[in-house]
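First comes the structure, then the notes that go with it.
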Amino acid sequence: MNISSAALPAHDPAVDAPKPHHAIYDYDSGPPVNRGKFAIWLFLATEVMFFTGLIGTYIVLRMGAATWPDPADRLAVDITALNTFFLIVSSATMVKAVERAMLGDNPGLIKWLALTVLIGATFVGIQAYEYAVLIKDGNLPDVDIFWSTFYAMTGFHGIHVAVGVIWNLCILIAAIFRKIPQEKYMKVELAGLYWHFVDLVWVLLFTIVYLM
Amino acid sequence: MRYFFTLMLLLVPILGVWTFVEADRWQLWFPQNVSSFGGEIDGLFNLILYMVGFTFIVTELALAWFVFKFSANRPGKAVFTHGSHKLEMIWTAIPAVALLFIAFSQMETWAKVKFESNFPKGGKYTKERPIAELWASQFDWRVCYPGDDGAIGTADDLERSYEFVVPVNTDIVFHLRSRDVIHSFFVPEFRLKQDALPGHTIPVWFRAEKEGIYDLVCAELCGWGHYKMSGRMTVVSQAEFDKRMADIKAEWFSNGKEQGQ
Amino acid sequence: MSQATTHAANSPHLEPGEGEAGTVRAHHDHHELGFLRKWIFSVDHKVIGMQFLFSGLVFLALGGLMAMAIRYQLAWPWRPMPGLAWMFPATGGAISPEFYTMLFTMHGTIMIFFVMIPLLTGAFGNFLIPLMIGAPDMAFPKLNMFGYWAMVPAFFFILLGFFVEGGHAAGGWTSYPPLSTIESAAPGSLTGQTCWLLGLTWVGVSSMMGAVNYVTTIVKMRAPGLTMMRLPLTIWGLLITSLLQLFALPVLTAAGILQLLDRTLNTGFFTPTNLQVNNITPDSFLYGADAVGAAAGGQPLLWQHLFWFYSHPAVYILVLPAMGFTSDILAVHARKPIFGYKPMVYSMSAIAGLGFIVWGHHMFTSGMNPALGMTFMVSTVMIALPSAIKVFNWLGTLWGGRIHLRTPMLFACAFVSMFIIGGLSGIWMAATPVDIYIHDTYIVVAHFHYVVFAGSLFAIFAAAYHWFPKMFGRVMNETVGKVHFVGSFIFTNMTFYMMHQVGVAGLMRRTADPYAYDVYQHLQPINEFITISAFCMFAWQIFFVVNFFHSMFWGKRVGRNPWNAASLEWDAPSPPGHGNFDRQLEVYRGAYEFSSPDVAEDFIPQTRKL
Amino acid sequence: MAHGKDMGYSIGRIFITLFVLTSVEVAWGMFLREPRWLLWSGLIICALWKGLLILLYFMHMRFEKMIVWSLILPTPLLVAIVLCANMPDTAFNDQRDHQVGYLIDQTGEVVNGLDPDHPAKGRGKPHGHASELEAPAAGH
Ligand code: HEA
Ligand code: HEA
Ligand code: CUA
Ligand SMILES: [Cu+2]
């Protein structure tokens with residue numbers, strides 16, 4: 001063989017052996033954004049694409065339908081409108097919670113976060129009630145394409161809300177038992193970003209599914 | 001060793017080109033073409049073949065040559081360069097032109113075959129009055145000719161399974177439909193393929209220029225029996241076609257409609 | 001740059017993401033980890049990479065075995081497979097048509113979702129990203145661990161499918177409805193398809209977690225001085241791949257969930273009304289026939305659009321990291337800087353960007369609006385342009401080099417050689433009128449095996465040989481490696497090149513017995529030739545398997561930097577310990593300063609200050 | 001800490017605006033059902049406005065750097081691409097035998113299941129009136 005088998009640099013145990021104890025050299029490069037925030041926005045971008053799949057399906061199917069029932073005839077717009085208000089209120093309380101966390105005001109954080117969790121849970125509860133009534137009336141997802149799309153979209157949004165409630169609840173528990181120090185406010189802010197996103201999706205869904 | 005590896009890399013373009021040259025001899029080339037636009041499609045295939053074939057030979061030879069030349073044991077260091085702006089421009093611009101040429105050269109034929117606005121007009125068969133409806137289902141083909149009234153979906157329709165008879169040298173338009181899952185109408189000799197989409201009626205046209213019997217192949221996976229979902233495309237003269245239609249009609253009405261169902 | 005290079009041993013313990021710029025922090029819990037913490041529930045990116053690597057290899061063997069069964073059937077249809085009568089008692093060892101459809105469906109699914117994506121991004125992505133950017137670990141080590149653990153339900157469901165009634169999914173890896181949604185349409189559509197969908201959803205979850213982590217790590221955790229334009233191309237490939245996954249994959253997840261609803265709740269997103277399967281209207285379509293009916297009235301093309309919106313970018317997910325590996329390996333072993341580094345980065349980005357608007361080329365004959373087909377053709381043809389730039393730059397990198405023909409280099413050259421073949425046949429298919437004829441023929445099969453098998457898998461082999469010393473502190477045996485290369489290269493070409501020819505002759509893919517048609521009968525000898533080549537290729541991989549495992553324990557020990565490469569991973573010990581580096585790195589240049597006349601050696605590590 | 005200690009805007013003001021917009025939207029949706037274009041454009045404007053407020057203020061995007069924007073900016077483009085490509089094949093596909101939403105009814109006929117004039121003929125039942133409908137005849 002020719003140069004392809006040229007001698008490789010020799011192994012030197014003194015230099016090359018793995019060292020069990022390393023210091024962690026952690027350097028923060030790139031744009032001045034918190035890593036967590038950066039990651040959560042990436043995640044929200046994937047969520048946008050996920051709901052694009054669902055809402056896009058709804059839009060093209062609806063445009064391709066001969067007729068589309070007036071949602072007001074089939075859905076209880078009034079209590080859902082109330083639910084929409086709830087979600088907006090909970091977004092506002094979430095902002096307050098983040099603000100308190102930034103200021104290092106743990107009791108304030110607990111108060112506002114608890115309120116957020118409560119209102120969020122109410123939203124889920126009302127949606128569950130809405131589903132129960134609809135299902136009792138025989139309006140199952142397999143009845144027609146209106147119901148199929150309705151359940152697919154509101155169902156996945158509902159799951160997102162439930163996840164948000166659980167996430168907030170975890171932070172709430174941490175705040176109660178361990179106290180979230182000021183410099184860790186980012187924990188709250190990340191949950192907040194997700195929570196507002198879920199609210200934002202609902203704003204669009206409510207308009208498209210219930211009002212249009 | 002470098003001789004050996006260079007030879008291996010060289011064999012790729014050499015044997016690669018050789019198989020394409022010899023393919024026809026081994027019957028590994030297109031089946032005969034009998035449709036009016038098939039020649040154009042073959043031509044476009046060959047046009048791309050020559051263009052990419054040229055690129056293939058040049059790049060593969062360059063690769064083999066570089067590996068050979070520059071793996072030689074020689075003194076000194078490798079050439080120290082980070083690239084060349086001018087070269088980048090050249091090898092961006094030339095392929096760009098070539099690729100745009102390829103893309104635009106395809107459009108006319110595509111429009112001719114698939115655009116509904118380009119379907120043959122004024123002939124015997126049109127989009128509105130097709131020669132037949134071709135139904136695909138797991139795992140067979142059925143043809144539904146209109147009866148005397150020339151319209152499909154009426155009581156005097158004639159149904160026939162497996163064989164689709166059409167007259168030669170005539171612009172044929174038919175409707176492709178599916179009863180269950182997606183299938184695909186494919187006649188290699190016609191260079192024509194179109195999926196049969198359930199819930200859709202897709203108009204398809206062709207013009208067969210040679211009499212004969214051709215295999216009708218299902219080209220989209222449609223279940224376990226996909227491989228045997230064959231049909232037969234029979235192209236006959238106009239006189240023969242009229243006779244066949246009369247036969248089909250006689251058979252259809254003497255056997256009772258149920259049998260064809 | 002002003003960052004602390006001193007050992008700030010007493011700095012408070014911070015969680016990742018909260019370190020201020022230039023923080024150096026020390027770990028105090030240096031106790032030995034138990035087996036479980038170290039190998040199973042590890043948060044160390046190197047161990048997680050290994051987990052992906054080994055599960056990927058196991059699935060590679062499984063997918064490869066399925067390919068062998070496929071080839072057997074295509075050469076000698078319905079002939080009992082020797083020694084396998086116990087597996088298929090009903091047929092005496094022969095492959096039934098139902099089983100054949102299941103075979104290629106699962107072969108495609110496993111190879112793409114359980115082999116290539118986990119190997120490229122999961123294994124090499126995990127292992128290389130922190131090392132090549134000089135970071136101690138991923139930005140979110142726990143998330144990284146969950147990324148692998150999300151694969152566990154995926155493994156479970158995809159394997160479960162083989163044992164359910166009716167067998168595994170059999171609608172092709174593309175799973176077009178209504179074949180995949182109507183239970184009576186195919187045996188695999190009973191329960192197998194549901195397992196398939198669940199498995200894919202979990203792969204999606206895993207990829208999403210991984211991708212968020214990779215992008216954050218690459219953007220936020222580069223060593224001081226390592227600007228984006230100094231990153232190795234492997235990292236660029238992985239970064240762009242991750243972005244593709246983030247933006248494309250959720251659409252497939254949504255579509256998969258809709259198909260799951262179609263199957264389980266009888267919705268009808270993808271099923272038009274009034275179908276008659278097996279000549280009867282399926283029960284579930286009839287009003288009142290059973291408790292749950294079916295809301296048909298959907299659109300089958302919708303699935304195809306949503307599926308390909310992901311799965312076309314997915315094929316670039318399969319190739320961009322491979323292109324990155326190839327670039328690195330070519331430069332190192334040719335001792336030359338990458339020719340045109342910036343054009344390489346831009347062309348990868350262009351491939352990814354264009355990759356989002358070409359998916360319709362899989363649907364030219366599907367009944368898609370032909371005007372759409374026209375626009376998709378133009379964008380598809382144009383995607384060859386950035387690929388061309390890459391090919392020419394690889395050739396430019398080789399030109400004037402001092403090439404060491406070691407095994408990784410040979411595989412990398414083979415990648416270039418065979419990616420060209422696969423890419424060029426893509427142009428035929430991109431041309432709409434030509435695709436009318438060649439769609440779903442073996443030309444397509446030849447095309448994508450040239451890019452995914454001869455391309456990406458060869459790049460994975462190259463990467464395995466190249467980074468093996470970093471993973472295990474030992475090199476793989478050179479001679480056996482070369483033997484592995486020679487056989488693989490020859491048999492791969494013998495197997496897949498001839499598929500072009502049978503494709504031009506019109507042979508269709510996904511047919512259990514092509515010779516049921518007269519037009520294809522003369523193709524049997526050539527198919528036998530392909531099959532025998534494929535068997536040889538499969539058998540030849542024994543050289544890789546033995547070499548791999550033998551070298552892991554008994555290979556020749558090497559130092560930190562056996563190839564004299566310049567990028568950061570070679571600065572760490574081999575194998576790197578917890579936290580990767582034993583000093584604070586500082587980066588002064590790009591990763592490809594080979595043969596510079598400024599120094600005596602033929603390379604300047606990124607970290608050396610001149 | 002990356003930025004100052006207060007949110008940089010009045011939470012109350014944004015909240016009130018959202019509140020009012022939602023009220024307007026619901027009222028609009030309930031009472032202004034004809035003409036369609038007016039209904040839809042009004043609703044879309046309200047929804048987008050609300051969404052933008054949430055994005056800019058609650059999610060703090062107004063105060064974020066370009067890098068954060070760049071993570072989310074590709075999505076509207078991709079959304080548009082997905083929709084545009086699907087429109088001709090699903091929404092405006094004239095090769096379809098039936099438009100979206102057609103079903104087989106009790107009599108075996110293919111009907112428009114979404115037609116509000118024949119709720120009992122198709123399968124959609126109006127909200128809360130299920131008990132008024134007869135149970136369908138079993139078997140087919
Ligand atoms: C790694 C995976 C990978 C890659 C990189 C590609 C790359 C490309 N693919 Fe491929 N493709 C697949 C994986 C891949 N594909 C798979 C898996 C399928 C089948 C799915 C299924 O149906 O099951 C498929 C199917 C497929 C089809 C559908 C065929 C059909 O079903 O009818 C088409 C059609 O346009 C296509 C086109 C292309 C093109 C144009 C490229 C281009 O990106 C290639 C660009 C590269 C080059 C062109 C070579 C290098 C360039 C030069 C040397 C310069 C000069 C060149 C010229 C001037 C021409 N591919
Ligand atoms: C990455 C993707 C990938 C890979 C690597 C392969 C590899 C192979 N494929 Fe595959 N193939 C697909 C993706 C892939 N394929 C897809 C997507 C389809 C379409 C499916 C569909 O239509 O739905 C397809 C379809 C397909 C068909 C068409 C079937 C049909 O349409 O009827 C054929 C036929 O010849 C085939 C053959 C082969 C062969 C012979 C190999 C060989 O190269 C395999 C050789 C095997 C090995 C090289 C593995 C060796 C094992 C090891 C190295 C393991 C080491 C293990 C340890 C260390 C533990 N494949
Ligand atoms: Cu019908 Cu394949
Ligand atoms: Cu593609």
Let me confirm one number: the OG-OH distance from B:Ser71 to B:Tyr3, rounded to the nearest 0.5 Å. 9.5 Å

Rounding to 0.5 Å, atoms CZ (C:Phe415) and CD1 (C:Ile420) come to a distance of 10.0 Å

Would you call C:Arg510 and C:Asp440 a salt bridge, taking side-chain N to carboxylate O under 4.0 Å as the test? no

Could you tell me whether B:Glu88 and C:Lys342 have a side-chain N and a carboxylate O separated by less than 4.0 Å? no

Give, as side chain, backbone, both or neither, the part of [X] having an atom under 4.5 angstrom from any heavy atom of chain B.
X        : result
C:Ala170 : backbone
C:Tyr515 : neither
C:Ile338 : backbone
C:Pro386 : neither
C:Asn493 : side chain
C:Tyr517 : both
C:Tyr100 : neither
C:Ile383 : neither
C:Met374 : both
C:Thr101 : side chain
C:Leu507 : neither

Would you please classify the geometry between the C:Phe339 ring and the B:Trp91 ring as parallel, tilted or perpendicular, with 30° and 60° separating the classes? tilted

Which bit of [X] is near chain C, if near means a heavy-atom gap under 4.5 Å: side chain, backbone, both or neither?
X        : result
B:His200 : side chain
B:Glu189 : side chain
B:Val12  : side chain
B:Phe37  : neither
B:Phe190 : neither

Do you know which of [options] has the most heavy-atom pairs with chain B at a distance under 4.5 angstrom?
options                      : answer
C:Ala388, C:Ala334, C:Pro597 : C:Pro597
C:Val434, C:Thr174, C:Ile436 : C:Ile436
C:Leu523, C:Ile438, C:Leu410 : C:Leu410

For B:Thr234 and B:Glu163: C-alpha separation, side-chain torsions, deciding distance, then whether side chain to side chain donor-acceptor pair (under 3.5 Å) applies. CA-CA 7 Å; B:Thr234 309; B:Glu163 190 181 31; 2.6 Å; yes

Verdict with supporting geometry, C:Tyr437 and B:Phe45, ring-ring contact (aromatic ring centres under 6.0 Å, His included): CA-CA 10 Å; C:Tyr437 178 70; B:Phe45 180 94; 7.7 Å; no

